[in-house]
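The structure under discussion appears below in the form of structure tokens.
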Number of protein chains: 2
Amino acid sequence: MATTEVTATISDAEWRVMRVVWTLKQADSRTIIALLEKQHDWKAPTIKTLIGRLVKKGALATTKQGRQFIYTPQIQEQAAMDAALLGELNQMCAMHRGTALTHVVDQLELSHADVQTLITHLEQQLATAPASVPCDCLPDDCEGSCEA
Amino acid sequence: MATTEVTATISDAEWRVMRVVWTLKQADSRTIIALLEKQHDWKAPTIKTLIGRLVKKGALATTKQGRQFIYTPQIQEQAAMDAALLGELNQMCAMHRGTALTHVVDQLELSHADVQTLITHLEQQLATAPASVPCDCLPDDCEGSCEA
DNA sequence: CTTTACTGACTACAAGTGTAATCTTAATTT
DNA sequence: AAATTAAGATTACACTTGTAGTCAGTAAAG
């Protein structure tokens, strides 16, 4: 099956490559390399390696076009972002996620529309939000307050 | 200097160890190992290795207590969470961060108080929020719409 | 005092990652 | 046709990470 494989694990450096391909929708290696050489001080072979790994991982597809390849993203940017973020949060203490989000929101510059959307979604959650979310760092439930 | 070293890079597996020590405030290896063996199917030596790496990285401090060590976190949990999350977001396209946050918020269970706090902070941002946040995936500014 | 058991140290090892050089083949230029 | 260039493939290599075995020393038990 695997209708939508969001599974591919993309490393930090590879993420940079994906970002330009996502933005361009599709690109040949010459273009990718030119753009990334400007952003980082990466050598061309470094970028080639990253592209190759992304193809092997299934994150980029290739279409032979004459002598070269055209690379196309095989995973959606937004889906990858959502998954990465959620994965990160889910490995942290549940009790502190809310505070982390608040701190992060304070540090980010979000558009007016995004802030508005967030508020709307949060207000909808208010009704059903639990009074508290317990710490889930220990196997049994010490409620985050069992002293050693 | 280095008054507050939030720099230490903590891997996924190491994060699990930190979570129990953060929650217990301090612990000896016996306790850490007992708890983690219950959560994962890790062998004791695996956990010992992780503890050792965290000590080397400066994320845990040791206090000799008789034959054993007492391990104490050297970085704050909330600060580490904030930094990890912000770091993750900052390596993603600025234009899509807001949407990612919305999606993530929809998937998380946050406490009533946390949701309320988030709303408050977001409402404060509304006033100064820019109309839009441009894509920053390309070196020059193609506004996320330059076709290949 | 000797044996046992547990703690921490050392060693191991494959996979992933960041970074890059070199090689090969095919195309472009002279 | 020969020489140069460029694209992708192959190879390299150190460091991190996940996972774990083994060893050594000291304290506890007999």
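Keep in mind that the numbers below use all heavy atoms, side chains included, and drop hydrogens, waters and symmetry copies. Since the structure is predicted, the reported quantities are computational estimates derived from the model, not experimental observations. Every chain is numbered from 1, with letters handed out A, B, ... down the list of sequences.
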Between C:dA9 (C1') and B:Leu54 (CG): distance, integer Å: 16 Å
Would you kindly give the NE2-to-P distance between B:His40 and D:dA20, to the nearest whole Å? 12 Å
Check: B:Asp136 main-chain N/O paired with A:Arg19 side-chain donor or acceptor under 3.5 Å: yes
State, without any angle test, whether A:Asp28 and A:Thr31 hold a side-chain donor-acceptor pair at a distance under 3.5 Å. yes
Without decimals, in angstroms, what is the distance between B:Ile51 CD1 and C:dG8 P? 8 Å
note: B:Ile33, atom CD1; D:dT19, atom C1'; distance rounded to Å ~ 14 Å
For nucleotides 16-22 of chain C, just jot down a letter per nucleotide in 5' to 3' order: B, S or -, based on protein non-hydrogen atoms under 4.0 Å. -BBBBB-
Rounded distance (Å) that lies between atom P of D:dG18 and atom CG of B:Leu36: 13 Å
Measure CD1/A:Ile70 against C1'/D:dA7 and give the value in whole Å, please. 13 Å
Side chain of B:Ser29: nearest nucleotide among C:dC6, C:dG8, D:dA7? C:dG8
Of all residues at least two apart in sequence or in a different chain, which pass the side chain to side chain contact (heavy atoms under 4.5 Å, CB included) check with A:Gln39? A:Arg16, A:Val20, A:Leu36, B:Pro139
Backbone N/O of B:Leu110 and side chain of A:Arg97: donor-acceptor pair under 3.5 Å: no
What I'd like to find out is whether the side chain of A:Leu108 reaches to under 4.5 Å of the side chain of B:Leu86, using heavy atoms alone. yes
Would you tabulate the pairs of protein nitrogen or oxygen atoms and nucleotide nitrogen or oxygen atoms of nucleotides 25-30 of chain D closer than 3.5 angstrom?
residue: D:dA28; atom: OP1; partner: B:Arg67; partner atom: NH2; Å: 3.3

Note, A:Leu85 side chain near B:Leu101 side chain (heavy atom, < 4.5 Å): yes
Using the salt bridge (Lys or Arg N to Asp or Glu O under 4.0 Å) criterion, which residues pair with B:Lys57? Sequence neighbours excluded. B:Glu14
For residues 28-51 of chain B, pull every pair meeting ring pair (Phe, Tyr, Trp, His ring centres under 6.0 Å), keeping only residues two or more places apart or in separate chains. B:His40-B:Trp42
A:Arg30 side chain near D:dA7 phosphate (N/O to OP1/OP2, under 4.0 Å): yes
Sequence neighbours left out, what passes salt bridge (Lys or Arg N to Asp or Glu O under 4.0 Å) with B:Asp106? Give chain and number order. none
Expressed in angstrom and rounded to an integer, what is the separation of B:Ile32 atom CD1 from C:dG8 atom P? 9 Å
